[in-house]
Amino acid sequence: MQPKAGPRISQIHITPIAIVDPPLLNAAGLHAPYALRTVVELVTDDGISGISEIPGNRDIDEALAIAKDLLTGLDVFNLNEIRQVLSARFGTETIKRGETPWDQRKLVHIFSAIEVACMDIIGKVTGRPVVDLLGGKMRDRVPFSAYLFYKYEGAGGKLGFGIDPDATGWASARQAAALDPAGVVAQAKAMCAEFGFQSIKLKGGVFEPRQEVDAMFALREAFGPDVPLRVDPNALWKVETAIQYGKEMEPILEYLEDPVRGQENMAEVRKAVKTPLATNMCTTSFEDIPNSIRIGSEDIILSDHHFWGGLRSSMTLAGICETFGRGLSMHSNSHLGISLAAMVHLGAALPQLPYALDTHYPWQSDEIITQGRFQFEDGAVVVPSEPGLGVELDRQALATLHQNYLDCGLTKRDDEVEMQKVQPGWTFQSVRW
Ligand code: GKR
Ligand code: MG
């Protein structure tokens, strides 16, 4: 039997969108009223469409536009060739991971955008869900963690720091300010009541460590010892601060995420504190792995298919983690359902999943998939069983969110600038306490 020629890429649509995001605080400042995402759609010569979603950034969109001509005519099954063509055009990564909590590298995001959309098509052609293309389903439901943020009052979007007085349930609760331990606990209760999360993470690096550590003890007091807790100061603490508070939180933390900046500092803290250390900041690419193993910078790598170069690369990372005794979990940024679907397929395929994954999804209210917002049951999402990612693009919603992008005037994420609108003169410091 002769092998069949695969479907070939004939169209690539790149659509930047802006989604409503509340005024969340983090180490780099404040979230803008809209978070940017880019939706990529590939269409094959026989009319099959595949989609993906990545963090929005004008430079990455421009690079994707350049990639269009290179990718047209390529076989969607030949992901190796696609990767090679993109590498040959864009060379090795020129942008550094950077100091902010989010990753702005170009090539890894492009790989991810194209690979996920191709996998969606391959799934549709073969009639199998993406999880099967990653080696098969290890679990039917993928657990996620509550992801708490300090925040100002406000709904985001057009309302900005204003609120919708008619909102109810979590939609109302997420508008409230959370600026102290009591506010954090109230947010956690509302989020867990709505989504059923069984683990809780607090985004730290906002207030001086004593306040954030008190918030963690307040969460422990409110939720008891059976709910695993994590805190993520996004590398803002000094080594001695991390050791002092890391030791204090040993009895209550499941893991401590990026307390300090850089692999060397993380290794130093890791030697002194019994709690496992996790990272999405110091070991973020395959090139970082050798030094991580050499010096022991973390226990758990928080993978993210958007910046580890796609779903198959993330499976490769899982193998490396298994070999070297690293745990693996997942990092997130503000996102919609196409990204969530990909995260769920990956989470379902990972050989081990000892930790609930991060997601910002509860903070978003928009959606661009025809099925509407994903439902969580006891904090978990059921793995889609339809071919491909199992989600379809809602073209009307895409048009509306693209118009938001045009209207909001943002072209990249800049939390420092947003913070300066509230606190003039505020500047990001890569190590603060
Ligand atoms: O959304 O503000 C945020 C987070 O700080 C995000 O950008 C981080 O990348 O969630 C992330 C993290 O775990 O570091
Ligand atoms: Mg983190």
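One-based numbering, in listed order, for ligands and for the atoms of each. Note that the numbering runs from 1 along the sequence shown for the chain. Please read all numbers here as calculations on a predicted model, not as lab measurements.
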To the nearest 0.1 Å, how far is atom 6 (C) of ligand 1 from its closest protein heavy atom, and which atom is that? N333 OD1, 3.0 Å

So E257 and K201, salt bridge (charged side-chain N to carboxylate O under 4.0 Å, His left out) or not? Walk me through it. CA-CA 9 Å; E257 184 174 330; K201 162 173 168 172; 2.9 Å; yes

Using salt bridge (charged side-chain N to carboxylate O under 4.0 Å, His left out), reason through D299 and R270 one step at a time and then give a plain yes or no. CA-CA 8 Å; D299 301 277; R270 187 163 172 258; 2.9 Å; yes

Region of D103 that comes within reach of ligand 1 [heavy atoms, distance under 4.0 Å]: neither

Is it the case that ligand 1 has an N or O less than 3.5 angstrom from some N or O of Y147? yes

for atom 1 (O) of ligand 1, nearest protein heavy atom and its distance come out as H360 NE2, 2.7 Å

Give a yes or no answer on whether the side chain of D378 reaches the backbone of A380 with a donor-acceptor pair at less than 3.5 Å. no

Less than 6.0 Å separating the ring centroids of F144 and Y361? no

Is there a heavy atom in M281 that sits closer than 4.0 Å to ligand 1? no

Could you list the atoms of ligand 1 found under 4.0 angstrom from a heavy atom of H31? 1 (O), 2 (O), 3 (C)

Taking heavy atoms and a distance under 4.0 Å, where does K201 meet ligand 1: side chain, backbone, both or neither? side chain

Taking non-hydrogen atoms only, is M330 closer than 4.0 angstrom to ligand 1 via side chain, backbone, both or neither? neither

Subset of ligand 1 atoms that lie under 4.0 Å from at least one heavy atom of D232: 12 (C), 13 (O), 14 (O)

Of the backbone and side-chain N, O or S atoms of N280, does one lie nearer to the Mg ion (ligand 2) than 2.8 Å? yes

Is the distance between the ring centroids of W363 and Y147 under 6.0 Å? no

Could you tell me whether ligand 1 has any atom less than 4.0 Å away from a heavy atom of H335? no

Would you kindly specify which portion of E257 sits under 4.0 Å from ligand 1, judged on non-hydrogen atoms: side chain, backbone, both or neither? side chain

Part of S332 within contact of ligand 1 (heavy atoms, under 4.0 Å): backbone

If I take every N, O or S atom of D358, is at least one of them less than 2.8 Å from the Mg ion (ligand 2)? no

Heavy-atom nearest neighbour in the protein, as seen from atom 12 (C) of ligand 1, with distance rounded to 0.1 Å: K203 NZ, 3.1 Å

Short side-chain to backbone donor-acceptor contact, K412 and R58, under 3.5 Å: no

Could you see which bit of L24 sits under 4.0 Å from ligand 1, with heavy atoms only: side chain, backbone, both or neither? neither

Any donor-acceptor pair under 3.5 Å linking the side-chain atoms of E392 with those of T370? no

Quick check: does D258 put an N/O/S atom under 2.8 Å from the Mg ion (ligand 2)? no

